[in-house]
Asks: 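Mind having a look at this structure? Questions to follow.
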Amino acid sequence: MPGFELFGPEERKEVNDVLETGILMRYGFDGPRKGIWKSRELEAAICQAFGCQHAQLVSSGTAALTVALAALGIGVGDEVIMPVFTFVASFEAVLSIGAVPVLADVDETLTLDPESVRKAITPRTKCVMPVHMCGSMADLDTLQEICREHKLILLEDACQSIGASYKGKYLGTIGDAGTFSFDFVKTITCAEGGAVLTNNKEIHAKADGFSDHGHDHIGNDRGLEQHPFIGYNFRISELHAAVGLAQIRKLDKFLAIQKKNHSQLKTILSGLPEISFRAIPDPAGDSCTFLSWFLPTEELTMALVKELKEQGIYAGNFYWYADHNWHYIRKWEHLRNASTLYKLNDPQIQGLQQIAKSSFSSSDAVMGRCISTAISLAWTEAQTMEKGEKILAAVRKVLSKQKAYQ
Ligand SMILES: Cc1ncc(COP(=O)(O)O)c(C=O)c1O
């Protein structure tokens with residue numbers, strides 16, 4: 001998935017444009033920057049590429065979520081429904097603006113199970129935050145219907161799914177707002193960066209101001225700008241935006257390579273009836289950053305992971321359920337224990353106590369059997385074939401061992 005695999009002279013050229021002016025900040029210094037506005041250019045390129053009205057660049061995907069939540073007016077006492085399989089940034093952002101994360105199950109799409117969302121709604125629910133994990137999408141039609149029915153905000157976390165689409169629209173542009181991350185392992189990267197996407201002018205104006213100390217960005221004297229509300233500093237730098245600009249121009253190429261490698265690997269793994277694949281609400285829209293697949297049981301999956309590690313071929317495969325501390329509820333002890341450096345508000349304390357008491361057995365039943373294989377931009381056809389065949393051989397081995405014990 002990472003765009004860093006195909007770095008080249010294009011990125012260097014854009015960065016050099018900025019270094020030559022010496023103006024590393026995205027705002028102000030109109031004269032000395034000699035017409036170089038990389039952040040503005042990247043925002044326009046995002047709107048053009050993804051067909052949205054507004055894009056606000058910020059310093060990370062986590063910042064994008066935080067800024068989006070604030071711009072959407074979510075705060076103390078409000079509940080935000082998010083999935084148990086995501087990245088820790090989801091609950092970090094919700095907590096940082098004073099709201100309460102409420103966890104819902106995922107289904108075989110590896111994203112929010114709409115039925116679990118319905119069950120999690122309370123009078124305090126303000127927002128549903130699907131996370132389009134591992135390159136593919138949530139069931140957005142059903143989630144939109146739920147949001148309409150209950151008058152809830154839909155905030156799409158598309159940080160891991162840049163370039164994926166749902167029924168002809170790009171992920172991140174379908175809800176009230178959406179977010180991208182350009183961190184170092186994302187489809188397009190600028191080391192650290194993110195964006196808030198929206199088709200709503202007012203939400204964009206709020207995101208714009210909130211990410212820069214509440215500046216209204218009106219006029220051409222930064223010192224005289226007004227502050228209609230309090231904001232913070234979540235700005236991106238011109239150096240980062242410059243790299244992002246070179247990368248977004250390569251996005252179509254990245255997606256084409258991902259799709260080709262993904263399709264080849266999927267064909268190989270389809271050779272075994274015991275392997276099944278992630279459900280994808282709109283298969284044509286998959287950005288193919290990962291191939292996520294299932295074995296019949298958690299026990300077999302654990303055995304396979306052990307086998308892949310023993311053979312030294314596990315790298316690039318992700319068993320989120322047991323091996324990673326960042327993505328799945330099972331390893332979020334710091335969230336369940338409410339381990340923060342500062343005092344939480346009362347609804348947050350109660351919300352985290354509720355999470356600590358909850359079990360997510362239907363998500364466990366999905367995630368315990370799931371392996372995601374990251375799709376590299378650098379693989380040749382022969383390497384993809386070799387990788388797939390080695391995985392298949394390892395799966396056959398654990399299946400035959402299991403049969404021997406039955
Ligand atoms: C789903 C998701 N949301 C948000 C983020 C946060 O992005 P960043 O690392 O740019 O802060 C990530 C990063 O991995 C992510 O995967």
Side-chain angles (χ1 to χ4, degrees), residues 1-2 61-62 65 82-93 101 103-113 116 129-139 157-162 164 171 181 183-187 258 262 265-266 269 275-281 286-309 313-336 355 358-376 387 391 394-395 398:
M1 111 162 143
T62 311
L65 288 169
M82 51 163 272
V84 289
F85 175 50
T86 174
F87 178 64
V88 288
S90 304
F91 60 75
E92 290 167 357
L103 298 184
D105 275 310
V106 293
D107 56 23
E108 288 207 359
T109 65
L110 306 186
T111 66
L112 275 179
D113 170 4
S116 181
M129 187 162 79
V131 184
H132 304 302
M133 285 299 277
C134 305
S136 177
M137 78 274 338
D139 175 358
D157 179 341
C159 287
Q160 288 199 9
S161 294
I162 298 173
L171 301 188
S181 161
D183 77 21
F184 196 53
V185 291
K186 294 300 185 285
T187 310
Q258 281 177 179
H262 181 279
L265 187 64
K266 188 169 180 185
L269 296 196
I275 294 180
S276 59
F277 296 93
R278 169 188 193 173
I280 300 187
D286 188 355
S287 69
C288 296
T289 55
F290 285 88
L291 178 65
S292 295
W293 45 285
F294 303 104
L295 285 181
T297 64
E298 179 182 322
E299 191 191 1
L300 270 172
T301 315
M302 293 250 184
L304 176 67
V305 169
K306 188 163 169 280
E307 179 64 30
L308 294 174
K309 285 180 181 170
I313 53 170
Y314 180 65
N317 293 291
F318 295 83
Y319 186 40
W320 313 106
Y321 180 68
D323 272 2
H324 290 268
N325 292 341
W326 298 345
H327 293 90
Y328 188 56
I329 172 74
R330 259 180 107 228
K331 297 287 182 113
W332 294 342
E333 264 146 44
H334 61 323
L335 180 71
R336 283 197 299 265
I355 288 175
S358 304
S359 75
F360 297 94
S361 53
S362 67
S363 300
D364 287 347
V366 172
M367 298 308 299
R369 298 183 295 110
C370 176
I371 292 180
S372 297
T373 305
I375 302 297
S376 169
K387 194 168 189 70
I391 292 174
V395 175
V398 296

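We count residues from 1, following the sequence as given.
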Asks: Please tell me if the side chains of F290 and L110 come closer than 4.5 Å, counting only heavy atoms from C-beta onward.
Replies: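 Of all side-chain heavy-atom pairs linking L110 with F290, none is under 4.5 Å.
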Asks: Anything under 30° is parallel, anything over 60° is perpendicular, the rest tilted; go ahead and classify Y321 against Y319.
Replies: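 Y321 vs Y319 ring planes: tilted.
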Asks: Any side-chain to backbone donor/acceptor pair from R330 onto W320? Under 3.5 Å, distance only.
Replies: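 Side chain of R330 to backbone of W320, a donor-acceptor pair under 3.5 Å: no, none is there.
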Asks: Are side-chain heavy atoms of E108 and R278 found at a separation under 4.5 Å?
Replies: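 The answer is no; the side chains never approach within 4.5 Å.
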Asks: Find the distance between CG (D364) and CZ (R369) and round it off to the nearest 0.5 Å.
Replies: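 Rounded to the nearest 0.5 Å, the CG-CZ separation comes out at 11.5 Å.
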Asks: Tell me if the CD atom of E299 is crowded by more than 12 foreign heavy atoms within 6.0 Å.
Replies: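 No, because the 6.0 Å sphere around CD of E299 holds 12 heavy atoms or fewer from other groups.
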Asks: Okay, side chain of Q258, backbone of S287: is any donor-acceptor separation there less than 3.5 Å?
Replies: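 Side chain of Q258 to backbone of S287, a donor-acceptor pair under 3.5 Å: yes, one is there.
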Asks: Only one of F318, W332, F87 passes ring pair (Phe, Tyr, Trp, His ring centres under 6.0 Å) with H327; say which it is.
Replies: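 Answer after filtering F318, W332, F87: F87.
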Asks: Can you check whether S363 reaches I329 side chain to side chain, under 4.5 Å on heavy atoms?
Replies: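 SC-SC contact between S363 and I329 ruled out.
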Asks: What is the ring orientation for H334 with F91, classed by angle as parallel under 30°, tilted 30 to 60°, or perpendicular over 60°?
Replies: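 Rings of H334 and F91: perpendicular, as their planes differ by over 60°.
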Asks: Will you find, in the side chains of T111 and T109, an N or O donor that is under 3.5 Å from an N or O acceptor?
Replies: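 Short answer, yes.
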Asks: Please answer whether the main-chain N or O of W326 pairs with a side-chain N or O of K331 as donor and acceptor at a distance below 3.5 Å.
Replies: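 A pair under 3.5 Å: no.
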Asks: Just to verify, what does K309 make a side-chain contact (heavy atoms from CB on, under 4.5 Å) with, not counting sequence neighbours?
Replies: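 Partners of K309 by the side-chain contact (heavy atoms from CB on, under 4.5 Å) criterion, ordered by chain and then number, come out as V305, Y314, D323.
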Asks: Okay, side chain of S181, backbone of C159: is any donor-acceptor separation there less than 3.5 Å?
Replies: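 Pair absent, no side-chain N/O of S181 close to backbone of C159.
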